[in-house]
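Just below is one structure, and these are the notes that go with it.
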Amino acid sequence: MKFNDIKILLAGICAFIVAIGTARFAFTALLPPMLGDFLSVERAGILAFANYTGYFVGSFATVFVRGGEFKILLFKLALFLSIFTTIILAFSKNYYLWFGARVAAGVGSALVMGVGSSFVFDLLSHNKQAMAFYFGAAGISIVLTSLVGNLALVFFSWKIAWVFLIVFSLPLSIFALNTLTPRRGKNAKFLVAKSEKLPNLLILKILIFAYFLEGMGFVVQASFLPDIINRVKGLENMGTYAWYLVGVFAMFGPFVWVNLGRRFGGVEMMIASLVLQILGILIPVFSQNLILNLLSGAIYGNTMMGLTALFMSYGASLAPKSSAPIMSALTAAYAIGTIIAPLYCAKIFNIYQSYDRALVLTAIFVGLSALSLGVIKFLKKEQKCHLSMSK
């Protein structure tokens, strides 16, 4: 890999750490101490809803972004929101300010995923291995922000842990901005919007629907996993370790699944990953075994960004010269699923004082996603048959 490619990849990872790690997943890592001091499960669910609502707003906005300086402005805004909203969490206990901050943080996360990823895709589209590593940045962001937050918790309160995360994120934001934002001159081509006629719209619509359902499958564990594991009888205080495993396995998940997709087919591997994710979702429902519940975190980490890489790569392959609108549409659909799931999860928890029924319902949604992809596989097969018959 060339030095410039490495620099771009590192910058993309830094942006991921700030917007996806600090502004999004660090909240899950710090949830147990916040539940013991400031939040209830219901309020945490509402804040997760707020965050994913912001994520939807940001991802929906990126659908209409094609090119030009406006993309750079949105990327700068994304990193600013990620830092500023973390400052609010560190220095305020006003619940309504927190709600607004989580909405704004969600907007920032979506803009990095949509606009920032399109920068990286444009600059590294020739290097498929680098793109697989790029999607693994979510795992790196989980591990690093969890380490920073939990190390601070050893000596200080959860509020000081947020301060540590702010200090950690600032230099990463500066490096990402200086490296990824294209400039006039030799990089001018990346500021120009591309257009291309979209392919089979039915397949694209089904793919978007399947990713919407996977958004539901993703968000329950993303929002509550440490608390889910902590509430399993005999596994109190084990949730933090499960969350670390999520991060570690999320680092390599995209690389593994993208390479499997290239060998055995993208749709086939998306289905396989979804089936594996269902298993991970259901483990805490049916088992109190420590190893199996830690495995649940590992499976979730392995599949969460692996599926994102597979869906995004497959969507981009449908129109390689116009990938940004498809990636943005997929992200928007995914975001809608992430808005719905925390609400039903928190509501079910309040009724039954258990996550079990919410996890079973989530597994059903993921199963429907897999079935939807099965329809795409069937349509592609029919398409091939028609082409061969017409020759």
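Throughout, residue positions are numbered sequentially from 1 according to the sequence presented. What you see is a predicted model, and the numbers here were worked out from it, not measured in a lab.
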Donor + acceptor pair across side chains of Thr22, Thr145 (<3.5 Å): no
Ring pair (Phe, Tyr, Trp, His ring centres under 6.0 Å) partner of Tyr211, the single match among Tyr314, Phe311, Phe365: Phe311
same_hphob_cluster(Phe49, Ile351) at 4.5 Å side-chain heavy-atom cutoff: yes
Considering all heavy atoms, the nearest Ile281-Thr362 contact: CD1-CG2, 4.0 Å
Check: Ala222 main-chain N/O paired with Thr28 side-chain donor or acceptor under 3.5 Å: yes
Salt bridge (Lys or Arg N to Asp or Glu O under 4.0 Å) pairs, two or more places apart, involving residues 339-351: none
Flag, side chain of Asn150 to backbone of Ser146, donor-acceptor distance under 3.5 Å: yes
Aromatic plane relationship, Phe99 with Tyr95 - under 30° parallel, 30 to 60° tilted, over 60° perpendicular: tilted
Expected output: side-chain Ser109 to main-chain Ala19 donor-acceptor under 3.5 Å: yes
Side-chain donor/acceptor of Ser369 to backbone N/O of Ala210, under 3.5 Å: yes
Single-linkage hydrophobic cluster Val167~Ile174, side-chain heavy atoms < 4.5 angstrom: no
Electrostatic pair Lys93:Asp37 at N-O distance under 4.0 angstrom: yes
Distance in Å, Leu330 CG paired with Phe209 CZ, rounded so as to fall on 0.5 Å steps: 14.0 Å
Ile17 side chain reached by Phe168 side chain, heavy atoms, under 4.5 Å: yes
Donor-acceptor pair, side chain of Ser296 and main chain of Gly280, under 3.5 angstrom: yes
Whether Thr86 side chain and Ser82 backbone form a donor-acceptor pair below 3.5 Å: yes
Cluster overlap Leu31 with Leu151, hydrophobic side-chain contacts below 4.5 Å: no
Residue of the set Tyr355, Tyr300, Phe27, Phe349 for which ring pair (Phe, Tyr, Trp, His ring centres under 6.0 Å) holds with Phe224: Tyr355
Ring centre gap for Tyr334 and Phe212 strictly below 6.0 Å: no
Closest heavy-atom pair and its distance - Gly261, Leu310: CA-CD2, 4.4 Å
Phe175 atom CZ, neighbour heavy-atom count above 12 within 6.0 Å: yes
Aromatic plane relationship, Trp98 with Trp158 - under 30° parallel, 30 to 60° tilted, over 60° perpendicular: perpendicular
Flag if over 12 foreign heavy atoms under 6.0 Å of CZ, Phe84: no
Test item: Lys377 side-chain N/O and Ile271 main-chain N/O as donor-acceptor pair under 3.5 Å: no
Residues Leu89, Arg102; criterion side chain to side chain contact (heavy atoms under 4.5 Å, CB included); working and verdict: CA-CA 9 Å; Leu89 301 187; Arg102 294 312 287 162; 4.0 Å; yes
Any donor-acceptor N/O pair, Asn259 side chain to Phe255 backbone, under 3.5 Å: yes
Whether over 12 other heavy atoms sit under 6.0 Å from Lys76 NZ: no
Pairwise side-chain contact, Met270 with Val275, heavy-atom cut-off 4.5 Å (strictly under): no
Flag side-chain contact, heavy atom, 4.5 Å: Ile142 against Met304: yes
Asp356 and Arg231: CA distance, side-chain angles, deciding distance, salt bridge (Lys or Arg N to Asp or Glu O under 4.0 Å) verdict: CA-CA 10 Å; Asp356 289 357; Arg231 290 177 185 272; over 6 Å; no
Side-chain donor or acceptor of Asn230 paired with backbone N/O of Gly239 under 3.5 Å: yes
pair Leu292-Leu295: side-chain heavy atoms closer than 4.5 Å: yes
Heavy-atom closest pair, residues Ala78 and Leu111: CB-CB, 3.6 Å
Close side-chain approach of Thr308 to Pro254, heavy-atom, < 4.5 Å: no
Heavy-atom check, side chain of Gln221 versus side chain of Val246, under 4.5 Å: no
Closest contact, heavy atoms only, Ala90 versus Ile166: CB-CD1, 4.1 Å
Hydrophobic cluster identity match, Val154 and Tyr244, side-chain contacts under 4.5 Å: yes
Main-chain N/O of Ser287 paired to Asn293 side chain as donor or acceptor, under 3.5 Å: yes
